[in-house]
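Worth saying up front: this structure is predicted, and the values here are computed from it rather than measured.
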Amino acid sequence: MSKRDDLIAVYAEDLANKCGVTPDSDLLTKVVIGLGPAIYNADSSMVAGSDPSELETVKKNFLMGKLGLADGPELTAGIDAVLDIYGRSERQKYRAVVYYLLTKHFGKEDIYA
(Lines give C-alpha, C1' and ligand atoms only; values in the text may rest on other atoms or scores of the structure.)
Protein backbone atom coordinates (compact mmCIF):
# COMPACT_ATOMS: atom_id res chain seq x y z
CA MET A 1 0.00 0.00 0.00
CA SER A 2 1.10 3.54 -0.69
CA LYS A 3 1.45 6.21 1.97
CA ARG A 4 -1.72 7.83 0.63
CA ASP A 5 -3.62 4.54 0.96
CA ASP A 6 -2.37 4.23 4.54
CA LEU A 7 -3.65 7.74 5.31
CA ILE A 8 -7.01 7.02 3.68
CA ALA A 9 -7.33 4.00 5.99
CA VAL A 10 -6.58 6.24 9.00
CA TYR A 11 -9.18 8.78 7.85
CA ALA A 12 -11.78 6.05 7.29
CA GLU A 13 -11.11 4.75 10.79
CA ASP A 14 -11.59 8.25 12.24
CA LEU A 15 -14.87 8.62 10.35
CA ALA A 16 -16.12 5.30 11.66
CA ASN A 17 -14.83 5.42 15.24
CA LYS A 18 -14.82 9.12 16.14
CA CYS A 19 -17.61 10.41 13.93
CA GLY A 20 -19.92 7.40 13.77
CA VAL A 21 -20.04 7.67 9.99
CA THR A 22 -19.68 4.82 7.52
CA PRO A 23 -17.34 6.37 4.94
CA ASP A 24 -17.94 6.31 1.20
CA SER A 25 -14.45 5.15 0.25
CA ASP A 26 -14.64 6.54 -3.30
CA LEU A 27 -15.59 10.00 -2.07
CA LEU A 28 -13.01 9.90 0.72
CA THR A 29 -10.30 8.95 -1.77
CA LYS A 30 -11.28 11.83 -4.06
CA VAL A 31 -11.28 14.32 -1.17
CA VAL A 32 -7.82 13.10 -0.15
CA ILE A 33 -6.51 13.37 -3.71
CA GLY A 34 -7.94 16.90 -3.88
CA LEU A 35 -5.90 17.88 -0.83
CA GLY A 36 -2.69 16.95 -2.63
CA PRO A 37 0.56 17.19 -0.68
CA ALA A 38 -1.15 18.87 2.30
CA ILE A 39 -1.98 15.44 3.74
CA TYR A 40 1.72 14.64 4.18
CA ASN A 41 2.53 17.74 6.25
CA ALA A 42 1.85 17.44 9.98
CA ASP A 43 0.53 21.01 10.25
CA SER A 44 -1.50 21.31 7.06
CA SER A 45 -3.03 17.85 7.43
CA MET A 46 -4.91 19.01 10.54
CA VAL A 47 -7.66 21.54 11.22
CA ALA A 48 -7.35 23.61 14.39
CA GLY A 49 -11.02 23.65 15.36
CA SER A 50 -10.62 26.36 17.97
CA ASP A 51 -8.64 28.80 15.78
CA PRO A 52 -10.95 31.38 14.15
CA SER A 53 -8.45 32.16 11.38
CA GLU A 54 -8.15 28.45 10.53
CA LEU A 55 -11.93 28.09 10.35
CA GLU A 56 -12.11 31.18 8.12
CA THR A 57 -9.56 29.52 5.82
CA VAL A 58 -11.69 26.36 5.68
CA LYS A 59 -14.71 28.48 4.84
CA LYS A 60 -13.03 30.59 2.14
CA ASN A 61 -10.71 28.06 0.52
CA PHE A 62 -12.81 24.92 0.74
CA LEU A 63 -16.48 25.78 1.12
CA MET A 64 -16.48 28.84 -1.10
CA GLY A 65 -13.48 28.04 -3.32
CA LYS A 66 -13.75 24.29 -3.90
CA LEU A 67 -17.43 23.60 -3.25
CA GLY A 68 -18.60 26.90 -4.77
CA LEU A 69 -20.92 27.84 -1.90
CA ALA A 70 -22.02 31.43 -1.34
CA ASP A 71 -20.84 33.14 1.83
CA GLY A 72 -23.38 33.23 4.60
CA PRO A 73 -24.08 32.12 8.15
CA GLU A 74 -24.96 28.61 6.98
CA LEU A 75 -21.28 28.01 6.16
CA THR A 76 -20.20 28.73 9.73
CA ALA A 77 -23.13 26.65 10.99
CA GLY A 78 -21.99 23.76 8.76
CA ILE A 79 -18.43 23.96 10.07
CA ASP A 80 -19.77 24.01 13.63
CA ALA A 81 -21.96 20.97 12.94
CA VAL A 82 -19.02 19.03 11.49
CA LEU A 83 -16.78 19.95 14.43
CA ASP A 84 -19.51 18.75 16.79
CA ILE A 85 -19.69 15.43 14.90
CA TYR A 86 -15.91 15.03 15.00
CA GLY A 87 -15.82 16.04 18.67
CA ARG A 88 -14.64 19.47 19.71
CA SER A 89 -12.41 17.94 22.39
CA GLU A 90 -10.71 15.75 19.78
CA ARG A 91 -7.22 17.23 19.48
CA GLN A 92 -6.36 15.79 16.09
CA LYS A 93 -8.92 16.70 13.48
CA TYR A 94 -7.71 15.52 10.10
CA ARG A 95 -8.37 18.01 7.32
CA ALA A 96 -9.44 15.19 4.97
CA VAL A 97 -12.07 14.02 7.47
CA VAL A 98 -13.37 17.55 8.07
CA TYR A 99 -13.56 18.22 4.31
CA TYR A 100 -15.28 14.88 3.71
CA LEU A 101 -17.88 15.66 6.38
CA LEU A 102 -18.41 19.17 4.99
CA THR A 103 -18.85 17.78 1.48
CA LYS A 104 -21.52 15.39 2.78
CA HIS A 105 -23.13 18.05 5.01
CA PHE A 106 -23.65 20.43 2.09
CA GLY A 107 -24.58 17.66 -0.38
CA LYS A 108 -21.74 18.56 -2.75
CA GLU A 109 -20.52 15.05 -3.54
CA ASP A 110 -21.03 15.80 -7.26
CA ILE A 111 -18.01 18.16 -7.10
CA TYR A 112 -15.85 15.03 -6.83
CA ALA A 113 -17.72 13.00 -9.47
Before accepting this row, confirm whether a basic side-chain N of the pair Asp71/Lys60 lies closer than 4.0 Å to the acidic partner's carboxylate O.
no
Is Glu54 paired with Lys93 through a side-chain N to carboxylate O contact shorter than 4.0 Å?
no
Locate the shortest heavy-atom distance separating Val82 from Leu102; write the atom from each residue and the value.
CG2-CD2, 3.6 Å
Restricting to non-hydrogen atoms, name the atom on Ala96 and the atom on Val32 that form the minimum distance, rounded to 0.1 Å.
CB-CG2, 3.9 Å
For Val31 and Tyr11: C-alpha separation, side-chain torsions, deciding distance, then whether side-chain contact (heavy atoms from CB on, under 4.5 Å) applies.
CA-CA 11 Å; Val31 169; Tyr11 303 148; over 6 Å; no
What's the verdict on side-chain contact (heavy atoms from CB on, under 4.5 Å) for Ile79 and Val98, showing C-alpha distance, side-chain angles and the deciding distance?
CA-CA 8 Å; Ile79 292 170; Val98 171; over 6 Å; no
Heavy atoms of Thr29 and Ser25 approach each other most closely as OG1-O, 2.8 Å
Provide the closest heavy-atom pair for Pro23 versus Leu28 in the form atom of the first, atom of the second, distance.
CB-CD2, 4.5 Å
With rounding to the nearest 0.5 Å, note down the distance linking CD in Gln92 to CG in Asp14.
8.5 Å
Does any donor atom in the side chain of Asp24 or Tyr100 lie under 3.5 Å from an acceptor atom in the other side chain?
no
Out of curiosity, Lys18 NZ to Glu13 CD, how far, rounded to the nearest 0.5 Å?
8.0 Å
Hphob cluster co-occupancy, Leu27 + Ile33, side-chain heavy atoms under 4.5 angstrom:
no
List the steps, then state whether side-chain contact (heavy atoms from CB on, under 4.5 Å) holds for Ile39 with Arg4.
CA-CA 8 Å; Ile39 63 170; Arg4 183 176 71 200; 4.1 Å; yes
If every non-hydrogen atom of Met46 is compared with every non-hydrogen atom of Tyr94, which pair is closest and at what distance?
CE-CE2, 3.2 Å
Can you measure from CD1 (Ile85) to CG (Asp80) and round to the nearest 0.5 angstrom?
11.0 Å
Check Phe106 against Glu74 and note the closest heavy-atom contact, atom names and distance.
CZ-O, 3.5 Å
Given 3.5 Å as the limit, does a donor-acceptor pair link the side chain of Thr57 with the main chain of Ser53, or not?
yes
One should read off an interatomic distance between Leu75 CG and Lys59 NZ, to the nearest 0.5 angstrom, of 6.0 Å
Is there side-chain contact between Tyr40 and Leu7, with at least one heavy-atom pair below 4.5 Å?
yes
Sub-3.5 Å donor-acceptor pair from the side chain of Arg88 to the main-chain atoms of Leu83, do we have one?
no
The test is salt bridge (charged side-chain N to carboxylate O under 4.0 Å, His left out); show your working for Lys30 and Asp26 and say whether it passes.
CA-CA 6 Å; Lys30 290 174 183 175; Asp26 288 340; over 6 Å; no
Quick check for you: to the nearest 0.5 Å, what is the distance between Leu15 atom CG and Thr22 atom OG1?
9.5 Å
Test item: Asp110 side-chain N/O and Ala113 main-chain N/O as donor-acceptor pair under 3.5 Å
no
Using the rule that two of Ile, Leu, Val, Met, Phe, Trp, Tyr join whenever any of their side-chain heavy atoms come within less than 4.5 Å, decide whether Val10 and Ile8 are in one cluster.
yes
